[in-house]
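For reference, the structure discussed in these notes is given below.
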Amino acid sequence: MSPEGKMLLNIVILGVSFMLLISAFQTCGNVEQTVIRSFNNSDFHGSGYTSMAIVYGVYSVSSLMAPSVVAVVGPRLSMFVSGLFYSGYIAVFIYPYTWSFYTMSVLVGIAAAVLWTAQGLVLSINSTDSTMGRNSGIFWALLQFNLFFGNLYVYFAWRGHVSLTDKDRQTVFISLTTVSLLACFLFFLLRKPDPEPVPSEELSTNTVTTAGSPPSSVLSQAVDAFFKLCKLFVTKEMLLLSTSMGYTGLELTFYSGVYGTCIGAMTKFGPDAKSLIGASGICVGLGEILGGGTFGILNKNNRFGRNPVVLLGLITHFFAFYLIFLNTASDAPLAPASGTDLHGYITPSIGVALLCSFLLGLGDSCFNTQLLSITGVMFRDNCAPAFAVFRLIQSIMAALAFFYSNYLLLHWQLLILVVVGFFGSVTFFMAERACKAQRENFSL
């Protein structure tokens, strides 16, 4: 196999592995609050919202040390071990205990930081300047399919179940754990790409240079990366983008954890309400793939800039929030296992609920593809710390959103999303203007 073919195969294996692993984990996060409310165990006192707040909070802190871990252990083994922690978190729901639930929440937060750092490294070393766009698109497309398979399984497994029995729960989570373990072992199929040939003159120069200086320690590299990240965090450009980055964390929490719980709690949707959680996840996936394909892969050279796409994402989300406000009971995020008999301001409609799921995914892809694009352009010389800041802000806000989801009614959560989304879009427009000015000055 040619070197380029081997690298492409690695990208496909990476994408399939992440699709399976994140499919299991994302499905778990989507249904866990509903599942917890149905536990026939008075000794369990956990909360799915609190658990995900811990996961994202620990993830944000662990992002600072993850590069050092990957450097010492290597990307393939890092992803394998991290994947095992993901599997452990999912397996907790087979026989749940409060202590194991929250312990694994902490551990999977650490594992997530290592996993995604290793993923970025594998993507980078298996890509060249000419293939990075293609490989990123392949990985993105494969990853987004994670929203289909687990949710499709939940839809059929729970269809017609008004309440969930222990057997229902165990069947689903044994299956999800098995899928996640399969993904872990697929990481071992990754092969080290063939090194590019180095000219003899360059090789001799590098040898002389490196021979005269001692190799830097992993600790010093981590310290340098930390200070570079801190300096980047307070730049004008990053401060402008931080609000829109934070918004993606808030709405990530809403579509991946809160909204599915709301749908499952609506008794007005009939006996299929619980299975609709899976259908909702599938619709989110459709929106993500449509938006990601259109704005991430097919729209590389958009002469109109990034602002129209972000504006489309904002309008799409605002329309979805308005329909959710009308169609969903305000106490749905906090409803007990039996659900809520209340409804919104219109007769509850399953079609409207699933349309909102699709719109949430479409709007999310609009924001994320443009944030990835502008971050890569504005911070071309510091891409790694810039993307680390992006994930740090996003995970902190996701943790905050999962925390307040334990206490706030639906309409207050929607209001927060509307306010932060509006200001995030305005500051993005300002950052895009600064980016254009930066590009014009560079061309001069």
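Fair warning: this is a prediction, and the values are worked out from it, not measured in the lab.
- Residues T243 and F428 fail the side-chain proximity criterion, which asks for heavy atoms closer than 4.5 Å.
- Between the side chain of T253 and the main chain of G249, a donor-acceptor pair closer than 3.5 Å is present.
- When all heavy atoms are compared, the tightest approach of L250 to A401 is CD2-CB, 3.7 Å.
- Evaluation of the side-chain contact (heavy atoms from CB on, under 4.5 Å) rule for F325 yields Y345, H411, L414 as partners, not counting sequence neighbours.
- T248 places no side-chain N or O within 3.5 Å of a backbone atom of N368 that could act as its donor or acceptor partner.
- Around the CZ atom of F188, the shell of radius 6.0 Å holds more than 12 heavy atoms that belong to other residues, nucleotides or ligands.
- Judged by distance alone, with hydrogens and angles left aside, the side-chain atoms of Q413 form a donor-acceptor pair with the main-chain N or O of L408 at under 3.5 Å.
- Under the ring pair (Phe, Tyr, Trp, His ring centres under 6.0 Å) criterion, no residue pair touches residues 269-289, with sequence neighbours excluded.
- Rounding to the nearest 0.5 Å gives a distance of 12.5 Å between CG of D364 and CG of L359.
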- Message: Quick one, I94 with Q170, criterion side chain to side chain contact (heavy atoms under 4.5 Å, CB included). Give me CA distance, side-chain angles, the key distance, then yes/no.
- Response: CA-CA 5 Å; I94 300 173; Q170 290 170 355; 4.3 Å; yes
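- Nearest heavy atoms, Y97 versus S100: O-OG, 3.0 Å.
- By the ring pair (Phe, Tyr, Trp, His ring centres under 6.0 Å) test, F185 pairs with F80, sequence neighbours left out.
- Contact detail for T340 and A332: the closest heavy-atom pair is CG2-CA, 4.3 Å.
- Listed for the T27 side chain is a donor-acceptor partner under 3.5 Å among the backbone atoms of S23.
- L371 has its side chain within reach of S244: a pair of non-hydrogen atoms, C-beta onward, lies under 4.5 Å apart.
- Remark: A399 engages Y56 in a side-chain contact (heavy atoms from CB on, under 4.5 Å) (not counting sequence neighbours).
- Nearest heavy-atom pair, L189 versus N10, reported as atom, atom and distance to 0.1 Å: O-OD1, 4.4 Å.
- Remark: F423 pairs with no residue by the ring pair (Phe, Tyr, Trp, His ring centres under 6.0 Å) rule, at least two apart or across chains.
- In this structure, CE in M266 is found 10.0 Å from CD1 in I350, a value given to the nearest 0.5 Å.
- Atom OG of S87 and atom CG of L182 lie 10.0 Å apart (nearest 0.5 Å).
- T427 is linked by a side chain to side chain donor-acceptor pair (under 3.5 Å) to nothing, counting only residues two or more places apart in sequence or in another chain.
- In this structure, CG on L143 lies 11.5 Å from OG on S17, to the nearest 0.5 angstrom.
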- Task: Starting from the C-alpha separation in whole Å, work towards a yes-or-no answer on side chain to side chain contact (heavy atoms under 4.5 Å, CB included) for F187 and S82.
- Result: CA-CA 11 Å; F187 288 130; S82 298; over 6 Å; no
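- Within the model, atoms CE of M52 and CZ of F403 stand 16.0 Å from one another, a figure rounded to the nearest 0.5 Å.
- Partners of T267 by side chain to side chain donor-acceptor pair (under 3.5 Å), not counting sequence neighbours, listed by chain and number: D341.
- In this structure, the side-chain contact (heavy atoms from CB on, under 4.5 Å) partners of L392, at least two apart in sequence or on a different chain, are S60, L229, I396.
- Using a 4.5 Å heavy-atom cutoff, the side chains of L84 and L181 are in contact.
- Using cut-offs of 30° and 60° for the angle between ring planes, the F93 and Y89 rings count as perpendicular.
- Identified under the ring pair (Phe, Tyr, Trp, His ring centres under 6.0 Å) test for residues 102-125, with sequence neighbours left out: F18-W116.
- A distance of 8.5 Å separates CG of L334 from SG of C262, quoted to the nearest 0.5 Å.
- Closest approach of S78 to V114, counting heavy atoms only: CB-CG1, 3.7 Å.
- The side-chain contact (heavy atoms from CB on, under 4.5 Å) test applied to V352 returns L323, N327, S349, C356, not counting sequence neighbours.
- Counting only distance, with no hydrogens or angles, the side chain of S357 and the backbone of A353 share a donor-acceptor pair below 3.5 Å.
- At a threshold of 4.5 Å between non-hydrogen side-chain atoms, the residues F101 and T98 do not count as touching.
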- Task: Decide yes or no on side chain to side chain contact (heavy atoms under 4.5 Å, CB included) for V58 and I54, but give the supporting numbers first.
- Result: CA-CA 6 Å; V58 174; I54 293 172; 4.1 Å; yes
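- Taking the side chain as every heavy atom from C-beta outward, L360 and I324 approach each other to under 4.5 Å.
- Between Y259 and S280, the shortest heavy-atom contact is CD2-OG, 4.0 Å.
- A donor-acceptor contact shorter than 3.5 Å is absent between the side chain of N126 and the backbone of I11.
- The ring pair (Phe, Tyr, Trp, His ring centres under 6.0 Å) test applied to F358 returns no partner, not counting sequence neighbours.
- With contacts defined as side-chain heavy-atom distances shorter than 4.5 Å, the pair L410/D331 does not qualify.
- Between L314 and V310, every side-chain heavy-atom pair lies at or beyond the 4.5 Å cut-off.
- Counting only heavy atoms from C-beta outward, the side chains of M238 and M245 approach each other to under 4.5 Å.
- Judged by distance alone, with hydrogens and angles left aside, the side-chain atoms of S62 form no donor-acceptor pair with the main-chain N or O of Y59 at under 3.5 Å.
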- Query: How far apart are the C-alpha atoms of E288 and Y255, what are their side-chain angles, what is the distance that settles it, and do they pass the side chain to side chain contact (heavy atoms under 4.5 Å, CB included) test?
  - Reply: CA-CA 11 Å; E288 290 278 10; Y255 81 73; 3.4 Å; yes
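- Of the possible polar contacts, none joining the R76 side chain to the V73 backbone as a donor-acceptor pair under 3.5 Å is found.
- Residues passing the ring pair (Phe, Tyr, Trp, His ring centres under 6.0 Å) test with Y247 are H317, F367, sequence neighbours excluded.
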